[in-house]
Amino acid sequence: MRNRGATASQLSCDFYAATGTRVSRVIVSKRLHETGLFARRPAVCVPFTSTNRRVHLAWCREHRDWSMDQWATVLFTDESRFSLNTGSRRTFIWREPGTRYLPSNVREIDHYGGEGLMVWAGIMLDG
């Protein structure tokens with residue numbers, strides 16, 4: 001639980017170093033599964049600073065009582081960057097089912113390495 005990113009092979013080596021007993025990575029993996037831990041991709045998010053949170057909360061409070069006509073004049077946009085590197089999401093962590101978005105299981109990433117594709121889209125009411 002202290003090193004969720006360790007592989008079963010690394011855990012097997014650590015166990016051997018600590019106890020002198022050899023255990024295969026398959027046995028380590030099976031024992032982790034028995035305790036409810038499975039190797040899964042971590043949830044990934046962009047770091048969100050306290051300033052960003054404060055500004056977003058203020059914006060939401062300012063616009064919470066808007067009418068449908070006011071919202072109809074707003075264009076909502078989003079952009080996503082997709083990495084073309086093959087190993088861009090190959091890290092795994094050990095976690096229990098249903099705990100994907102717990103802070104200990106989320107990895108903050110604000111950079112992309114290598115080639116990628118940027119997609120931008122917008123949507124609005126009646127448009």
Side-chain angles (χ1 to χ4, degrees):
M1 296 299 285
R2 281 177 273 153
N3 184 5
R4 292 179 179 270
T7 65
S9 296
Q10 290 170 332
L11 293 172
S12 175
C13 290
D14 291 347
F15 186 79
Y16 176 70
T19 65
T21 304
R22 290 197 185 275
V23 178
S24 74
R25 68 172 180 75
V26 175
I27 294 299
V28 169
S29 184
K30 284 183 180 182
R31 294 298 177 261
L32 290 169
H33 291 172
E34 288 173 4
T35 63
L37 293 172
F38 299 90
R40 299 287 187 260
R41 291 182 179 145
V44 178
C45 71
V46 175
F48 207 49
T49 66
S50 59
T51 303
N52 292 115
R53 290 178 192 181
R54 194 170 39 255
V55 169
H56 280 83
L57 183 58
W59 188 92
C60 290
R61 286 181 175 155
E62 181 181 327
H63 295 87
R64 69 178 161 204
D65 295 323
W66 268 25
S67 68
M68 191 63 84
D69 290 334
Q70 288 172 303
W71 283 115
T73 64
V74 177
L75 173 66
F76 291 92
T77 64
D78 192 22
E79 63 182 32
S80 296
R81 187 174 194 288
F82 298 91
S83 175
L84 299 179
N85 291 341
T86 57
S88 62
R89 288 182 40 105
R90 298 223 176 194
T91 59
F92 287 85
I93 59 168
W94 295 101
R95 65 172 177 83
E96 301 86 356
T99 62
R100 178 180 178 101
Y101 296 107
L102 289 180
S104 60
N105 298 335
V106 175
R107 300 292 181 257
E108 291 186 350
I109 296 178
D110 62 353
H111 59 84
Y112 293 90
E115 297 178 11
L117 175 69
M118 182 68 75
V119 178
W120 180 88
I123 187 170
M124 65 185 305
L125 292 175
D126 299 325

Student: Name every donor-acceptor pair, under 3.5 Å, that has one atom in a side chain of residues 11-23 and the other anywhere in the protein, sequence neighbours excluded.
Tutor:
from: Ser12; atom 1: OG; to: Val23; atom 2: O; distance (Å): 2.2
from: Thr19; atom 1: OG1; to: Phe15; atom 2: O; distance (Å): 2.8
from: Thr19; atom 1: OG1; to: Thr21; atom 2: N; distance (Å): 3.2

Student: Below 4.5 Å, heavy atoms only, C-beta onward: do Arg4 and Ser104 meet side chain to side chain?
Tutor: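 Counting from C-beta outward, Arg4 and Ser104 do come under 4.5 Å.
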Student: Could you tell me whether Ile123 atom CD1 has more than 12 heavy atoms of other residues or ligands within 6.0 Å of it?
Tutor: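 No - once you tally the heavy atoms of other residues, nucleotides and ligands closer than 6.0 Å, there are 12 at most.
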Student: Considering all heavy atoms of both residues, which atom of Glu96 and which atom of Leu37 are nearest to each other, and what is their separation?
Tutor: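 Between these two residues, the closest heavy atoms are OE2-CD2, 3.4 Å.
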Student: Decide yes or no for Thr77 and Leu75: does some side-chain heavy atom of the first lie under 4.5 Å from some side-chain heavy atom of the second?
Tutor: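 Yes, their side chains come closer than 4.5 Å.
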Student: Do Trp66 and Leu125 share a hydrophobic cluster, counting only Ile, Leu, Val, Met, Phe, Trp and Tyr and linking them when any side-chain heavy atoms are less than 4.5 Å apart?
Tutor: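 No, it is not one cluster - the side chains of Trp66 and Leu125 are not joined through contacts under 4.5 Å.
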Student: How about Phe76: does its CZ atom have over 12 heavy atoms from other parts shown lying under 6.0 Å from it?
Tutor: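 Count over threshold, so yes.
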Student: What closest approach, in Å, do Met124 and Ala72 show between heavy atoms, and which atom pair accounts for it?
Tutor: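 What the structure gives for the nearest pair is CE-O, 3.2 Å.
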Student: Quick one: does any side-chain atom of Thr49 pair with a main-chain N or O of Asn52 as donor and acceptor, under 3.5 Å?
Tutor: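 Yes, Thr49 side chain to Asn52 backbone: donor-acceptor pair under 3.5 Å.
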Student: With sequence neighbours left out, what residues match Gln10 under side-chain contact (heavy atoms from CB on, under 4.5 Å)?
Tutor: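 By the side-chain contact (heavy atoms from CB on, under 4.5 Å) rule, Gln10 matches Ala6, Thr7.
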Student: With distance as the sole test, does Asn105 use its side chain to make a donor-acceptor pair with the main-chain N or O of Pro42 at under 3.5 Å?
Tutor: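 Checking the backbone N and O of Pro42 against the side chain of Asn105, no donor-acceptor pair under 3.5 Å is found.
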Student: Of the non-hydrogen atoms in Gln70 and Val74, which two are nearest, and what is the gap between them?
Tutor: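 In this case the closest contact between Gln70 and Val74 is O-CG2, 3.7 Å.
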Student: Taking the side chain as every heavy atom from C-beta outward, state whether Arg100 and Arg40 have any atom pair closer than 4.5 Å.
Tutor: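 Sidechains of Arg40 and Arg100: no contact.
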Student: Is any side-chain heavy atom of Asp78 less than 4.5 Å from a side-chain heavy atom of Trp120?
Tutor: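 Not touching, per the 4.5 Å side-chain cut-off.
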Student: Answer yes or no: is there a side-chain heavy-atom contact under 4.5 Å between Trp94 and Ser29?
Tutor: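 In short, these two side chains touch, coming nearer than 4.5 Å.
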Student: In terms of heavy-atom contacts, does CE of Met68 have more than 12 from other residues, nucleotides or ligands at under 6.0 Å?
Tutor: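 It does not: Met68 CE has 12 such atoms or fewer within range.
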Student: Side chains of Phe38 and Phe92, heavy atoms from C-beta outward: is any pair under 4.5 Å?
Tutor: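 No, side chains not in contact.
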Student: Using ring-ring contact (aromatic ring centres under 6.0 Å, His included), reason through His56 and Trp59 one step at a time and then give a plain yes or no.
Tutor: CA-CA 5 Å; His56 280 83; Trp59 188 92; 8.2 Å; no
